[in-house]
Amino acid sequence: MDINDQRCTGHGRCYEVAPALVEDDERGYGIILHPDAFPAELEDEARRAARLCPEQAITIRT
Amino acid sequence: MTDEKTETTESCPHMEGRVPDRGALWESYRAADDVYQDENGVWQVTRKETVRYALQHPEVFSSAKAYNHIGCPVPMIPLNLDPPNHVRYRRVLDPMFAPKVLDPIEPELRRQAGDLIDRFAGRGHADIVKDFAELYPTQVFLTMFGLPIEDRDQFLRWINAINGGAVHQTGSDLTEHDTAATNLTEYLRGFIEIRRRSPGDDMFSRILAVGGEDLWGEDEILGFTFLFALAGLDTVTGELGFVFEYLASHPEIRAEITINPGSIDAIVEEILRLDPVTPRVSRMTSEEVELGGKTIPANSPVQLMLAAANRDPRAYVTPDAVDVQNVDAGHLTFGGGIHRCIGARLARRELRIVLEEFHKRIPDYKLAPEADRSVVWPSSVLGLSSLPITFPV
């Protein structure tokens with residue numbers, strides 16, 4: 001799971017819908033907690049965060 | 001009402017004045033074309049994909065060029081800026097609305113919401129706009145800036161004079177606008193001076209604490225404060241009106257809130273999508289650009305119709321109704337790209353707090369027979385001037 005810092009503007013939707021996968025930094029921008037691999041049971045949550053990002057800044061590589 | 005159509009749609013492609021059906025109004029923009037130049041020479045952009053593209057390309061669709069003539073005595077930072085200057089301000093301002101800042105004040109904001117609702121909860125009737133929605137966002141603003149809540153009504157009079165004056169830019173109204181702007185500026189300067197000497201846990205103190213190359217001058221602080229007051233008060237007032245209008249006329253959604261308060265966030269998102277209070281944002285092209293199959297020349301005024309894009313049938317399963325299936329598609333009510341609404345998280349938090357506190361006290365209510373649900377179009381911020389409801393006591 002990856003976040004494009006150039007696209008992220010801090011809407012904060014990702015850490016609201018996927019708190020186990022994304023945390024907010026001091027500005028309210030998203031930080032990916034497991035950039036290399038996240039637990040398989042969280043895949044739905046991860047995809048939801050990616051879909052909900054208004055800037056389409058989150059990508060999930062499989 | 002937002003999920004129903006009236007028969008006026010086809011006969012009146014450019015509704016103006018008091019509009020009863022917002023869904024039909026936004027549909028009329030989409031029906032004209034995805035991208036088109038209207039009779040005033042303004043380029044209208046009406047679909048989700050095209051609006052989103054424009055929002056995410058500020059180098060072509062400039063906000064600075066479009067917003068530099070708002071009637072304001074100080075620069076409206078950072079709305080009036082494009083990159084790279086914009087970045088400097090957002091770096092300082094974004095943290096002011098971060099969850100880490102909002103979480104600690106939530107209990108106080110919740111208490112104030114409850115107090116306002118308690119004043120009419122035993123009465124059996126209320127005007128949601130007059131008795132709550134016009135007051136609460138101003139109290140939130142005053143709380144965040146560390147200003148006295150007792151100044152609420154004076155503060156509201158200034159803001160109303162400034163907003164009213166900006167709409168009719170002629171004759172005596174402009175004087176009233178100027179006087180209010182001057183008085184508000186002096187009022188704020190006084191508090192900035194106080195916070196300079198004795199910092200507290202408030203927005204002024206946080207901005208004043210910023211040093212180095214991000215250091216802000218007094219005019220910059222005032223400009224941002226003005227923008228917050230002009231963009232963060234009547235918008236939340238308007239949205240609260242639309243939220244309660246929807247809930248008062250949709251008992252099944254209201255019941256869902258009472259049975260499952262966890263559904264509030266999704267319901268709020270859907271009403272935000274259906275009824276954005278700022279239905280459009282302005283941009284100016286800095287170069288010739290292709291959008292939606294049309295060529296827009298350089299230096300053209302462009303309006304991004306967020307409200308029309310939010311009900312784009314190409315993007316949503318049930319575009320004109322509150323439906324949890326739509327939630328994951330998101331919406332453009334808070335804009336997008338570098339100028340996305342910086343106060344979105346605060347607005348969402350206010351809406352959630354209010355719905356939770358309200359439904360704890362008043363779970364069942366309906367629109368009073370005299371309720372007028374029309375809005376004035378065009379206007380920069382939409383809202384109901386009154387929303388009378390009745391409820392069992």
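Per chain, numbering begins at 1; letters A, B, ... match sequence-line order.
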TODO: List the atom of A:Val22, the atom of A:Gly30, and the distance in Å for their closest heavy-atom pair.
DONE: CG1-CA, 3.9 Å
Open item on the list: Can you give me the closest heavy-atom contact between B:Ala315 and B:Ala329, atom names plus distance?
Closed with: O-CB, 3.8 Å
TODO: Measure distances from B:Val101 to the heavy atoms of chain A and classify the residue's part below 4.5 Å as side chain, backbone, both or neither.
DONE: neither
- [ ] Output all residues satisfying side chain to side chain contact (heavy atoms under 4.5 Å, CB included) with B:Ala231, sequence neighbours left out; order by chain, then residue number.
- [x] B:Leu227
TODO: Could you label the plane-to-plane angle of the B:Phe228 and B:Phe97 rings as parallel, tilted or perpendicular, counting under 30° as parallel and over 60° as perpendicular?
DONE: tilted
Task: Pairwise distance CD1(B:Ile221) to CD1(B:Ile207) - rounded to 0.5 angstrom - done: 6.0 Å
TODO: Could you tell me which of B:Gly335, B:Gly330, B:Gly336 has the largest number of non-hydrogen atom pairs under 4.5 Å with chain A?
DONE: B:Gly336
Task: For B:Leu332 against B:Ala309, the heavy-atom pair lying closest together - done: CD1-CB, 3.9 Å
Open item on the list: With heavy-atom distances below 4.5 Å as the criterion, would you say the side chains of B:Leu240 and B:Leu351 are in contact?
Closed with: yes
Between chain B and chain A, which donor-acceptor atom pairs come closer than 3.5 Å, counting both backbone and side-chain atoms?
unit_1, atom_1, unit_2, atom_2, d
A:Thr9, O, B:Arg340, NE, 2.6
A:Thr9, O, B:Arg340, NH2, 2.9
A:Thr9, OG1, B:Arg340, NE, 3.4
A:Gly10, O, B:Arg340, NH2, 2.8
A:Gly10, O, B:Arg345, NH1, 2.3
A:Tyr15, OH, B:Arg345, NH1, 3.3
A:Asp24, O, B:Lys100, NZ, 3.0
A:Asp24, OD2, B:Lys100, NZ, 3.2
A:Gly28, O, B:Arg345, NH1, 3.1
A:Tyr29, OH, B:Asp94, OD2, 2.6
A:Arg48, NE, B:Asp328, OD1, 2.6
A:Arg48, NE, B:Asp328, OD2, 3.2
A:Arg48, NH2, B:Asp328, OD1, 3.0
A:Arg51, NE, B:Asp328, OD2, 3.4
A:Arg51, NH2, B:Asp328, OD2, 2.7
A:Pro54, O, B:Arg52, NH1, 2.7
A:Pro54, O, B:Gln56, NE2, 3.3
A:Glu55, OE1, B:Gln56, NE2, 2.9
A:Glu55, OE1, B:Gly337, N, 3.0
A:Glu55, OE2, B:Gly337, N, 2.6

